Asks: 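Let me begin by handing over the structure; questions about it come next.
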There are 4 protein chains.
Amino acid sequence: MVAHAAPVAGPDDDSAKRRQIIKGARTVFLEQGFDGASMGEIARSAGVSKGTLYVYFADKNSLFCEIMEQESLAQGMSAIEFAPTLDVETSLKAFGAAYIKLLCDPRGTSAIRTVMAIAERMPEVGRHYYERVIANSLGKFTRYLEQQVQAGTLQIEDCHLAASQFTKLCQATLFLPFIFQVTDAPSSERIAEVVDSATQMFLATYRTRPHD
Amino acid sequence: MVAHAAPVAGPDDDSAKRRQIIKGARTVFLEQGFDGASMGEIARSAGVSKGTLYVYFADKNSLFCEIMEQESLAQGMSAIEFAPTLDVETSLKAFGAAYIKLLCDPRGTSAIRTVMAIAERMPEVGRHYYERVIANSLGKFTRYLEQQVQAGTLQIEDCHLAASQFTKLCQATLFLPFIFQVTDAPSSERIAEVVDSATQMFLATYRTRPHD
Amino acid sequence: MVAHAAPVAGPDDDSAKRRQIIKGARTVFLEQGFDGASMGEIARSAGVSKGTLYVYFADKNSLFCEIMEQESLAQGMSAIEFAPTLDVETSLKAFGAAYIKLLCDPRGTSAIRTVMAIAERMPEVGRHYYERVIANSLGKFTRYLEQQVQAGTLQIEDCHLAASQFTKLCQATLFLPFIFQVTDAPSSERIAEVVDSATQMFLATYRTRPHD
Amino acid sequence: MVAHAAPVAGPDDDSAKRRQIIKGARTVFLEQGFDGASMGEIARSAGVSKGTLYVYFADKNSLFCEIMEQESLAQGMSAIEFAPTLDVETSLKAFGAAYIKLLCDPRGTSAIRTVMAIAERMPEVGRHYYERVIANSLGKFTRYLEQQVQAGTLQIEDCHLAASQFTKLCQATLFLPFIFQVTDAPSSERIAEVVDSATQMFLATYRTRPHD
DNA sequence: CATGAATGAGGATTCATTCAT
DNA sequence: CATGAATGAATCCTCATTCAT
């Protein structure tokens with residue numbers, strides 16, 4: 001039944017057709033949301049027939065989940081690294097800027113919006129996304145803060161809270177206007193300003209005081 | 001649209017029927033999202049016939065937009081008042097807690113999710129919501145901060161940024177897990193903790209120092 | 001909500017539209033079978049839109065079951081009466097002829113076929129039909145035989161079996177060729193011949209012998 | 001249809017592949033009916049690819065017809081033999097029991113239901129089945145009766161009718177409840193009872209009387 | 001103005017069939 | 001010849017919208 005170590009052309013997890021479908025579906029889903037996207041339009045966008053969609057994915061839900069999974073990986077979030085040799089302030093600023101750049105990337109934002117939208121009806125999708133993307137990057141940052149606490153650079157009781165606070169501070173005036181389509185993605189300069197302010201606030205609270 | 005100069009309560013902007021429809025539609029839209037809500041269910045929820053819906057609203061979109069408009073008013077956000085006589089710390093804590101309570105209101109998934117969901121396909125709805133609800137409450141808070149700056153209690157360069165920072169700090173670990181369905185709405189205790197921490201951070205940065 | 005003792009026009013159990021749909025559906029279902037019939041064709045045959053079908057019936061299944069219910073009543077089976085004053089032989093012949101006429105009516109036969117076809121996948125439909133049509137008419141005949149036994153005219157141990165045997169004998173060479181589309185419905189003469197033979201066989205076995 | 005005078009076993013009427021397909025298709029068709037069976041499932045059941053199905057059969061209809069043709073042969077009906085040396089009563093009972101067993105075979109809903117189901121839409125299938133299976137086995141039985149008439153054992157005018165009557169009598173209370181899914185397949189004991197009764201009736205009518 | 005029956009376009013999904021390999 | 005990926009027509013069903021009453 002198995003043909004001479006087949007050259008992988010069928011509905012495998014990584015065939016070209018499958019990738020092609022995912023690409024098309026990604027476009028449509030992120031543009032129109034789950035309900036707004038029709039399988040017909042996805043098929044057209046992917047350049048395959050409607051039937052082919054169902055050769056590779058059981059149904060619309062499965063296809064959507066797959067996209068969102070990939071999205072979470074695609075999100076460079078987890079790629080943000082902390083150089084332990086740099087001083088804290090520089091590290092924070094670098095992280096903050098990178099973080100906001102990712103968050104306000106018009107490509108990724110659609111995903112956030114789409115996931116938020118569907119989270120009520122498909123809670124697993126919401127949870128998955130949160131855990132893979134948000135909790136993951138937050139965890140990395142939390143561990144960095146813990147190292148700094150151990151090193152005596154920072155004085156923090158709840159590092160998870162502190163990490164969360166910093167990322168929130170960096171969003172400040174940037175994220176909501178962007179996600180609600182009021183403004184375009186913020187410029188690097190604007191990001192730098194807000195992140196600087198966030199860093200100051202953060203350090204004003206958590207930097208170890210000389211004789212505290 | 002109004003026929004024969006009808007003397008009775010017609011499809012005016014404020015007839016009882018209209019309010020009744022809006023109430024029913026609000027429930028359904030916030031519970032199910034835009035696509036999940038059907039005009040039939042809205043009619044049932046409002047206790048009117050499907051046809052009547054179209055007497056008062058041109059189509060589903062219009063009805064939805066109207067709800068979202070009203071949402072800005074309905075949202076108690078703008079109702080949050082700042083008592084100028086209270087000390088800053090108490091005011092901040094009260095505002096922060098009220099703000100998070102509204103944001104993480106478990107009833108109807110909170111309007112914010114519904115709006116975010118549709119913002120891609122109906123950008124004006126997103127914009128409107130941002131401006132009416134978010135910008136509005138933020139503006140109020142900003143003006144309060146400006147008053148405090150003038151009063152010498154706080155030392156802030158960019159009050160809009162500071163206002164934004166505070167609201168973000170209050171969200172910290174609370175909002176995202178909630179909106180992504182990872183946790184239930186936060187308890188009052190948890191809110192108090194996070195808001196306390198936010199207030200400390202805020203004041204550590206912006207409180208006027210004795211000899212600064 | 002109730003309008004002045006409404007003149008019954010809506011999706012009631014007996015509106016004209018509903019009857020219209022049933023009529024159209026009946027035609028298509030009996031002609032094409034359950035799977036062969038499409039809701040589109042039923043709508044066309046009934047002269048209504050596809051959507052209207054779903055105003056009156058939850059789904060294809062419900063519509064089909066309704067038809068089959070009606071079919072069982074439509075079947076005059078239960079209308080066959082036994083005149084207790086007539087002699088047994090005449091009664092048997094009359095009943096037998098009427099029974100075969102009904103069984104080999106091109107209109108009713110489609111129903112039998114359609115029900116048999118679907119009985120595997122929708123056993124309730126099969127059961128219902130059997131009980132309403134077959135068991136019902138058989139029961140009536142069984143009771144007639146029991147009366148004759150009590151009257152001393154017939155000598156039967158198992159009247160239900162005997163009743164069944166007689167109806168089967170009447171079918172003899174008539175029913176199967178007809179239901180398998182090999183021949184048209186049998187003529188009255190042919191029916192009379194077969195029913196006569198059946199009656200003779202039946203009486204040869206079950207008629208009370210003078211000194212038995 | 002045959003390419004390049006293929007030397008190997010091609011789509012002949014009797015290649016192993018062909019038989020394999022028919023076996024798989026038979027299972028699925030008899031289990032699910034014509035419309036319920038999908039070519040995909042048939043391919044799976046036969047252990048071949050969907051494409052191969054079309055190498056051996058023009059389309060679903062052809063495959064189905066072929067199965068039904070074969071069914072006539074597969075059906076052991078024609079295998080029922082009459083031992084001329086046995087006495088009539090024993091022969092009738094043996095034949096009757098075998099006949100009912102075939103008719104009420106619980107495996108695969110019995111072919112008869114499947115054929116009846118499709119007879120409206122595919123009359124030739126119905127006709128074929130009747131002629132090959134029913135008429136055939138009935139013909140054999142008819143000829144047996146004719147032999148007995150010639151031998152003086154039985155006294156029958158219309159042997160075809162008599163044959164038909166006997167098979168019908170044997171069905172009595174057994175067949176319809178089974179085919180309409182009201183009861184399971186009858187037990188051997190129940191079959192024996194009904195067949196005994198049928199035999200008695202048959203002989204009461206057709207056995208040669210000493211001085212008639 | 002209020003109704004709700006009727007509509008028909010559109011959605012997700014299935015499946016017989018084809019065809020390049 | 002055998003395969004199974006690809007197709008697209010067809011299916012059931014939903015729902016926003018209209019309109020006669």
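No experiment lies behind these values; they were computed from the predicted model shown. In what follows, chains are A, B, ... by sequence order, proteins preceding strands, each numbered from 1.
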Asks: Sequence neighbours excluded, which residues qualify as side-chain hydrogen bond (donor to acceptor under 3.5 Å, both in side chains) partners of A/Gln181?
Replies: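 Residues passing side-chain hydrogen bond (donor to acceptor under 3.5 Å, both in side chains) with A/Gln181: none at all.
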
Asks: So, using side-chain hydrogen bond (donor to acceptor under 3.5 Å, both in side chains) as the criterion, who are the partners of D/Asp59 when residues are at least two apart?
Replies: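 side-chain hydrogen bond (donor to acceptor under 3.5 Å, both in side chains) list for D/Asp59, sorted by chain: D/Ser62.
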
Asks: Which whole-number value in Å describes the distance from D/Tyr56 OH to E/dA16 P?
Replies: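 One finds 20 Å between P of E/dA16 and OH of D/Tyr56, rounded.
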
Asks: Tell me, please, which residues at least two apart from C/Phe180 pass ring pair (Phe, Tyr, Trp, His ring centres under 6.0 Å).
Replies: D/Tyr129

Asks: Could you walk me through whether B/Ile22 and B/Phe57 pass the side chain to side chain contact (heavy atoms under 4.5 Å, CB included) check?
Replies: CA-CA 10 Å; B/Ile22 286 179; B/Phe57 298 92; 3.8 Å; yes

Asks: For A/Gln20, enumerate each residue passing the side-chain contact (heavy atoms from CB on, under 4.5 Å) test, keeping only those at least two apart in sequence or located in another chain.
Replies: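 Partners of A/Gln20 by the side-chain contact (heavy atoms from CB on, under 4.5 Å) criterion, ordered by chain and then number, come out as A/Lys17, A/Val48.
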
Asks: Among residues 36-48 of chain A, which contact DNA chain F at a heavy-atom distance under 4.0 Å?
Replies: A/Val48

Asks: NA contact type, D/Lys60, heavy-atom cut-off 4.0 Å: base, sugar-phosphate, or nothing?
Replies: sugar-phosphate

Asks: From the options E/dA2, F/dA10, E/dT17, select the nucleotide whose nearest atom is closest to the side chain of A/Lys50.
Replies: F/dA10

Asks: Of the non-hydrogen atoms in A/Gly126 and A/Val115, which two are nearest, and what is the gap between them?
Replies: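 Where A/Gly126 meets A/Val115 most closely, the heavy atoms are CA-CG1, 3.8 Å.
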
Asks: Mind checking what makes side-chain contact (heavy atoms from CB on, under 4.5 Å) contact with A/Tyr54, not counting sequence neighbours?
Replies: A/Met39

Asks: Excluding sequence neighbours, so at least two apart, what forms side-chain hydrogen bond (donor to acceptor under 3.5 Å, both in side chains) with D/Ser49?
Replies: D/Thr52

Asks: Of D/Leu53 and A/Ser49, whose closest DNA chain F nucleotide lies nearer the 5' terminus?
Replies: D/Leu53

Asks: Could you spell out the base pairing of DNA chain F in dot-bracket, with Watson-Crick or G-U pairs whose two distances are under 3.5 Å, [ ] crossing and | to another strand?
Replies: .||||||||||||||||||||

Asks: Rounded to the Å, how far apart are C/Arg18 CZ and E/dA6 P?
Replies: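 About 12 Å, once rounded to whole Å.
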
Asks: Atom CG of A/Leu63 and atom P of E/dG11: how far apart are they, to the nearest Å?
Replies: 16 Å

Asks: Counting only side-chain N and O atoms of B/Thr52, is one of them less than 4.0 Å from OP1 or OP2 of E/dT3?
Replies: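 So the side-chain polar atoms of B/Thr52 do come within 4.0 Å of the phosphate oxygens OP1 or OP2 of E/dT3, strictly under.
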
Asks: Under 3.5 Å, which N/O atoms of the protein pair with N/O atoms of nucleotides 19-21 of chain E?
Replies:
none

Asks: According to the side-chain hydrogen bond (donor to acceptor under 3.5 Å, both in side chains) rule, which pairs have a member within residues 35-47 of chain D, sequence neighbours left out?
Replies: D/Gln32-D/Glu41, D/Asp35-D/Arg121

Asks: If you look only at pairs with a residue in residues 49-58 of chain C, which of them pass as a salt bridge (charged side-chain N to carboxylate O under 4.0 Å, His left out), with sequence neighbours excluded?
Replies: none

Asks: Nearest-Å distance, CG (C/Asp35) to C1' (F/dC12)?
Replies: 12 Å

Asks: Which one, F/dC13, F/dA2, F/dT7, comes nearest to the side chain of D/Val55?
Replies: F/dA2

Asks: Answer yes or no: is there a side-chain heavy-atom contact under 4.5 Å between A/Arg18 and A/Ser15?
Replies: yes

Asks: Determine, step by step, whether B/Lys60 and B/Phe64 satisfy the side chain to side chain contact (heavy atoms under 4.5 Å, CB included) criterion, reporting the C-alpha distance in whole Å, the side-chain angles of both residues, the deciding distance to 0.1 Å, and the verdict.
Replies: CA-CA 6 Å; B/Lys60 193 184 181 184; B/Phe64 180 72; 5.6 Å; no

Asks: Report the nucleotide, chosen from F/dC12, E/dA2, F/dA2, that has the shortest atom-to-atom distance to any side-chain atom of B/Lys17.
Replies: E/dA2

Asks: Nearest whole angstrom, please: distance from the P of E/dG11 to the CG of A/Asp59.
Replies: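 It works out to 17 Å between those atoms.
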
Asks: Let me know, please, whether C/Asn61 or B/Asn61 comes out on the 5' side of the other along DNA chain F by nearest nucleotide.
Replies: C/Asn61

